[in-house]
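To keep things clear, I will list the structure first and then write my remarks on it.
Computed from a prediction, not measured in an experiment: that's the story for all the values here. Order of listing sets the numbers, starting from 1, for every ligand and every atom in it.
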Amino acid sequence: MSETLFDKILKREVPAKVAYEDEAVLAFHDIAPQAPIHILVIPKKKWARFADFRAADPEAIGHYMISIAKAAEHVGLEAGGYRVVFNNGKDAQQTVDYIHAHILGGRGLRWPPG
Ligand code: 5GP
């Protein structure tokens with residue numbers, strides 16, 4: 001897998017405003033926030049996209065999901081709620097080939113998304 005911007009953020013070669021970190025994930029604020037709180041949560045064990053889950057350890061995937069919930073709670077979104085978005089692949093406008101959950105919250109979010 002070729003190195004992406006998010007590999008460099010994880011290695012602290014590119015600066016980012018870290019919002020939460022644990023053994024499974026790094027969460028940092030999106031540079032172009034689409035909501036008052038908009039963070040990106042990447043697993044420390046890299047997957048590029050959902051298809052990679054097929055060969056992954058289910059326990060590691062589970063840890064990733066739990067840590068997404070922990071990150072959302074850590075930034076204060078548990079009470080009001082939040083949206084978790086994965087843009088997966090070209091048609092969904094995934095621009096960084098390193099799987100990342102967008103957590104969006106801090107205001108009422110419209111549905112459906114575009
Ligand atoms: P995608 O479109 O792949 O689902 O999401 C990539 C996200 O990364 C976008 O929301 C974009 O604003 C964010 N992003 C792009 N470059 C940077 C950067 O250098 N730092 C941070 N923190 N976020 C970035």
Side-chain angles (χ1 to χ4, degrees):
M1 269 185 252
S2 58
E3 190 172 62
T4 70
L5 171 66
F6 293 171
D7 289 280
K8 292 178 183 163
I9 286 177
L10 185 60
K11 289 194 281 181
R12 274 35 178 209
E13 289 172 7
V14 169
K17 192 174 162 206
V18 172
Y20 175 81
E21 182 169 18
D22 66 20
E23 66 285 355
V25 302
L26 180 71
F28 49 93
H29 291 268
D30 197 291
I31 205 166
Q34 301 301 312
I37 297 174
H38 182 176
I39 62 174
L40 303 171
V41 189
I42 62 170
K44 289 187 172 174
K45 180 186 178 354
K46 182 178 183 179
W47 300 294
R49 61 190 69 81
F50 265 67
D52 293 349
F53 284 158
R54 290 201 301 260
D57 173 11
E59 198 171 330
I61 299 168
H63 279 143
Y64 180 38
M65 293 297 144
I66 291 165
S67 292
I68 291 169
K70 286 182 183 170
E73 186 170 2
H74 188 77
V75 297
L77 291 175
E78 188 56 35
Y82 53 90
R83 184 168 293 157
V84 181
V85 175
F86 288 91
N87 294 325
N88 189 68
K90 180 171 59 67
D91 283 354
Q93 298 190 34
Q94 181 179 3
T95 60
V96 182
D97 230 11
Y98 191 131
I99 202 164
H100 49 282
H102 294 253
I103 297 180
L104 299 138
R107 66 168 166 81
L109 299 166
R110 290 180 297 279
W111 188 261

I want to know if ligand 1 touches [X] in the polar sense, i.e. an N/O pair below 3.5 angstrom.
{"X": "F6", "answer": "no"}
{"X": "I31", "answer": "yes"}
{"X": "D30", "answer": "yes"}
{"X": "H38", "answer": "no"}

Lys/Arg-Asp/Glu bridge criterion (N-O < 4.0 Å) met for E59, K45: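 Looking at E59 and K45, the cut-off is not met.
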Charged N-O contact under 4.0 Å between K11 and E3: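 Looking at E3 together with K11, the answer is yes, because their closest N to O distance falls below 4.0 Å.
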Side chain to side chain donor-acceptor pair (under 3.5 Å) between D22 and S67, intermediate numbers included: CA-CA 7 Å; D22 66 20; S67 292; 2.8 Å; yes
Proximity of H100 to ligand 1 by residue part, where a heavy atom lies under 4.0 Å: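 Under 4.0 Å from ligand 1, H100 contributes side-chain atoms alone.
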Region of L40 engaging ligand 1 - heavy atom pairs below 4.0 Å: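 For L40, the contact with ligand 1 is made by the side chain alone.
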Rounded distance [0.5 Å steps], OG1 in T95 versus CG in L5: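 Here the rounded value is 8.5 Å.
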Interatomic distance, Y98 atom OH to D52 atom CG [nearest 0.5 angstrom]: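 Between Y98 OH and D52 CG, I get 11.5 Å after rounding to 0.5 Å.
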Ring geometry between F50 and F86 (parallel below 30°, tilted from 30 to 60°, perpendicular above 60°):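 Perpendicular, since the angle between the ring planes exceeds 60°.
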What atoms of ligand 1 come within less than 4.0 Å of a heavy atom belonging to [X]?
{"X": "A32", "answer": "12 (O)"}
{"X": "L5", "answer": "16 (N), 17 (C), 18 (C), 19 (O)"}
{"X": "N87", "answer": "1 (P), 2 (O), 4 (O)"}
{"X": "F28", "answer": "22 (N)"}
{"X": "T95", "answer": "1 (P), 2 (O), 3 (O), 5 (O), 6 (C)"}
{"X": "Q94", "answer": "3 (O)"}
{"X": "V96", "answer": "3 (O)"}

R110 atom CZ: more than 12 heavy-atom contacts under 6.0 Å: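 Result for CZ/R110: open.
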Atom CD of E13 with >12 non-hydrogen neighbours under 6.0 angstrom: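 Yes.
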Pair F6 + H100: ring centers closer than 6.0 Å: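 So the answer is yes for these two rings.
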Close aromatic pair by centroid cut-off 6.0 Å: H29 and H38: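 So the answer is no for these two rings.
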Atom 22 (N) of ligand 1: the protein heavy-atom neighbour that sits closest, reported with distance to 0.1 Å: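 Looking at atom 22 (N) of ligand 1, the protein heavy atom closest to it is H29 O, 2.9 Å.
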Heavy atom of the protein closest to atom 2 (O) of ligand 1 (residue, atom name, distance):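 It is Q93 O, 2.9 Å.
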Proximity flag H102 to ligand 1, non-hydrogen atoms under 4.0 Å: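 In this structure, H102 qualifies as a contact of ligand 1 - some heavy atom is under 4.0 Å.
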